[in-house]
Amino acid sequence: MKKFHLRLIALAGLVALTLIYSCKKFLDKKPVGSLSAAVLANKAGLDGLLIGAYSMLDGFAAGFSTSWESTTNNWCWGGIAADDAYKGSNTTDQPPAAPIENHSIDASNEYLQEKWATFYNAVQRANDVLREIPLITDGSVSAGYATEVAAEARFLRGVYHLELAKLWRNVPYVDETITYAANNYNVGNPGPIWDKIEADFTAAMAGLPKTQSQVGRANFYAAEAFLAKAYMFDHQYAKAKPLLDDLINNGNTSGGQKYALGPFEDNFHATKRNGPEGVFQVQMTTSDGSGGLNDNAGDILNFPAGTYTSCCGFYQPSYELGNAYKVDANGLPMLGTTTLSVADFNADGAHTRMVTATLPNYDIPSLANDHGLVLTNPFTPPGDPLDPRIDWTLGRRGIPYLDWGLCGGETWSRGDIVPYNPIKNVFWHGEQASTADASTWGAYPQGTAINYNMIRFSDVILWRAECEVESNDLQPAEDDVNMVRNRMAAHPEYWVHTYIDNANPSLGFTNTPAANYHIGLYGVAGSHPATGFAANGQSYARSAVYMERQLELAMEGHRFFDLQRYDAIYGGPAGASYMANVLNNYIAADTRISNPVLNEHTFTAGRNELYPVPQNEIDKEGGALKQNPNY
């Protein structure tokens, strides 16, 4: 069996068996030229099917989907659709991405179809494994191994359905009983499927070991973490809390490492992958003979343009995100809002009116940046006190950018409106030969070996903080937020530092911080009792937890879905229209730079919290599949 940390797809014929685009597109056709279930009824066949199911974790089916449209990292669905980032590049590049960013998306959008089709393909691959197990009678598969493989398949099926439910909420649940032969493939979407997703993860926990010999395979704790995640989306905090307690107190990676918070940047470094913070990572490899099929192709657009890469300037961090890392005199986030008038622009960039917006306090004023400057213009990075995570999350002019040299800021962007560059998905130049390849797209060396963290340990800790806030257990919630913050507060060696020689970054770094970093702790732990959660109440504590997730997990594809979870429309605790208010105020603030993609657009409460079901899928399902509200 191929090692799962290589994520190679063995037995090419299996791909033909399992390429199921959606509930209908392939289920209504008999497979042609594929291997039969009888031929695969042995351990080699079962392992091949399981590898095929795991291979879909990156959200990419070669020949049937476009990696950056369907990717699991959700840079478009979770990032540019929220306040993390802009589409980037120039205004007309990748036209289907613009309506995702500005909330004008409709059911014909190409990216929607790719995402839906790819993940139902993935669901069917997991189901193929479950259907195959009872057919194996040659003695090659022990009862114990069959139980473990079934648990892995149910884990994967839960993961893939959860990805679909995050975007659409109301999606068909497709299990191994849904087949062409049974003629039951027109599956409806009458409502949420959280209970079925939770059942898959519960079953997976019962059959999975706590360690694996192959680090890319799911273990007990990975399933427990995904069950907790499903409960968080289902707002069942009391059920999530004991799972999160167990993960924090006892959890370990598939490789057996006790979960821990180490250097922040290690989570995004190809040569340091599968470390103790990786609760579950999608495995990415390069130079493995697969022709780029196993690298992180979902991020191939998301690099600075014209440096060590030639393309493409997408997924550029927003002004809002840069501002969010400003801190107060205690080194704490600038919580709270201020209402003021801001300029509004039309789509052509003309100033038309003043509008009232309620902006986060960190937005006033905006962090100084190099917008509008060329490379020959002098620029000194601002001296504002900043959370040190900022420079591992986005590239800023004049700050060391990994080992590439001082970041060029807006001169490295392609659309000439954004001074910040993505960095979490970017390779270190000194390791480029071994950790980046040309992917499947072309000659650009932008397919990397950087694993994607579907869940990392800080995610788990902050979920527990959410649960504690909702039970009004505020001191433990404060302690959990401080646990995440203390990673950087107690370890200045984890910060970005200046180069020994700016002209030769390969010489390494000094011990001098690259900016005025300041990160403090809440409450007594930070020697500031007045900032404690209990002293300020549940609403303050909730805001602090939400802010911590924004800072810690920015540019990782979570932000849109966090805002969706918080909103009262689907059971969240933050109040009605919370998501709409956050994103419409973000759009209003962003008009200060006259963003042609966002200008004159609005996030509509009761509609844009979910994405529209692809019209093509509705048309094929014979009336079983219904559109989401207000599309």
Side-chain angles (χ1 to χ4, degrees), residues 69 74-112 115 167-168 313-324 337 339-360 363 366 371 413-418 420 557 559-564 567 569 576-612 615 627-631:
E69 297 182 3
N74 289 316
W75 71 273
C76 52
W77 308 111
I80 70 171
D83 49 2
D84 260 9
Y86 308 116
K87 174 183 76 71
S89 185
N90 56 58
T91 305
T92 58
D93 199 357
Q94 288 295 311
I100 298 172
E101 180 180 344
N102 63 31
H103 315 296
S104 64
I105 191 169
D106 64 30
S108 66
N109 188 282
E110 171 189 319
Y111 278 35
L112 283 175
K115 185 74 172 183
L167 270 76
W168 289 283
F314 282 81
Y315 201 24
Q316 291 186 268
S318 67
Y319 288 83
E320 177 90 357
L321 182 59
N323 293 342
T337 59
T339 301
L340 73 170
S341 294
V342 297
D344 192 22
F345 293 83
N346 63 25
D348 297 322
H351 178 198
T352 59
R353 57 178 178 159
M354 300 297 292
V355 297
T356 299
T358 301
L359 305 185
D363 259 337
S366 197
H371 176 52
S413 72
R414 195 175 173 195
D416 297 326
I417 64 164
V418 186
Y420 301 136
R559 178 65 170 162
F560 179 93
F561 306 113
D562 277 349
L563 293 172
Q564 177 199 81
D567 198 293
I569 188 171
S577 299
Y578 175 83
M579 186 178 189
N581 290 337
V582 168
L583 294 182
N584 281 325
N585 286 324
Y586 157 65
I587 293 170
D590 215 63
T591 61
R592 290 176 294 183
I593 60 161
S594 183
N595 183 332
V597 176
L598 286 178
N599 288 350
E600 296 189 312
H601 287 282
T602 301
F603 182 101
T604 302
R607 167 186 167 104
N608 291 129
E609 295 88 356
L610 304 177
Y611 290 100
Q615 188 61 46
Q627 186 54 271
N628 270 332
N630 299 313
Y631 281 103

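On a predicted model such as this, the values are computed, not experimentally measured, just so you know.
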Compare all side-chain heavy atoms of Tyr578 with those of Ile569 and state whether any distance is below 4.5 angstrom.
no
I'd like to know if the side chain of Glu609 and the backbone of Arg607 have a donor-acceptor N/O pair within less than 3.5 Å.
yes
Main-chain N/O of Ala580 paired to Ser577 side chain as donor or acceptor, under 3.5 Å:
no
Atom of Gln316, atom of Gly88 and distance for their closest heavy-atom approach:
OE1-CA, 3.5 Å
Of all heavy-atom pairs between Ala97 and Ile80, which one has the smallest distance, and what is that distance?
O-CD1, 3.7 Å
Under 3.5 Å donor-acceptor, Glu320 side chain and Asp83 backbone:
no
Donor-acceptor pair, distance only, cut-off 3.5 Å: does the side chain of Tyr611 make one with the backbone of Ile100?
no
Give the minimum heavy-atom separation between Asn581 and Ala576, together with the two atoms involved.
ND2-O, 4.2 Å
Aromatic rings Tyr86 and Tyr586: how do their planes relate, parallel, tilted or perpendicular, breaks at 30° and 60°?
parallel
Taking Lys87 for its side chain and Asp93 for its backbone only, find out whether a donor-acceptor pair lies under 3.5 Å.
yes
Looking at CZ of Arg414 and OG of Ser89, how far apart are the two atoms once the value is rounded to the nearest 0.5 Å?
3.5 Å
Hey, is the main chain of Pro96 close enough, under 3.5 Å, to the side chain of Asn109 for a donor-acceptor pair?
yes
Let me confirm one number: the CG-CG distance from Asp84 to Leu321, rounded to the nearest 0.5 Å.
5.5 Å
So, taking the atom named CD in Glu69 and the one named CD in Glu110, what distance separates them when rounded to the nearest 0.5 Å?
4.0 Å
Would a distance-only check, ignoring hydrogens and angles, find a side-chain to backbone donor-acceptor pair under 3.5 Å from Asp567 to Met579?
yes
Would you indicate whether the side-chain heavy atoms of Thr602 and Asn584 approach each other to under 4.5 Å?
yes
Establish, from distance only, whether the side-chain atoms of Ser366 and Asn323 form a donor-acceptor pair under 3.5 Å.
yes
Is the backbone N or O of Gly557 less than 3.5 Å from a side-chain atom of Trp75, with the two atoms forming a donor-acceptor pair by type?
no
Rounded at 0.5 Å granularity, tell me how far OH in Tyr315 sits from SG in Cys76.
9.0 Å
What's the separation between atom OG1 in Thr604 and atom OH in Tyr631, rounded to the nearest 0.5 Å?
8.5 Å
Check each of Asn628, Asp106, Ile105 against Pro612 using the side chain to side chain contact (heavy atoms under 4.5 Å, CB included) test, and report the only one that passes.
Ile105
The reported gap from CD in Gln564 to CG in Asn608 (rounded to nearest 0.5 angstrom) is 11.5 Å
Quick one: does any side-chain atom of Asn630 pair with a main-chain N or O of Gly606 as donor and acceptor, under 3.5 Å?
yes
With a 3.5 Å cut-off and no angle check, do the side chains of Asn74 and Lys115 form a donor-acceptor pair?
yes
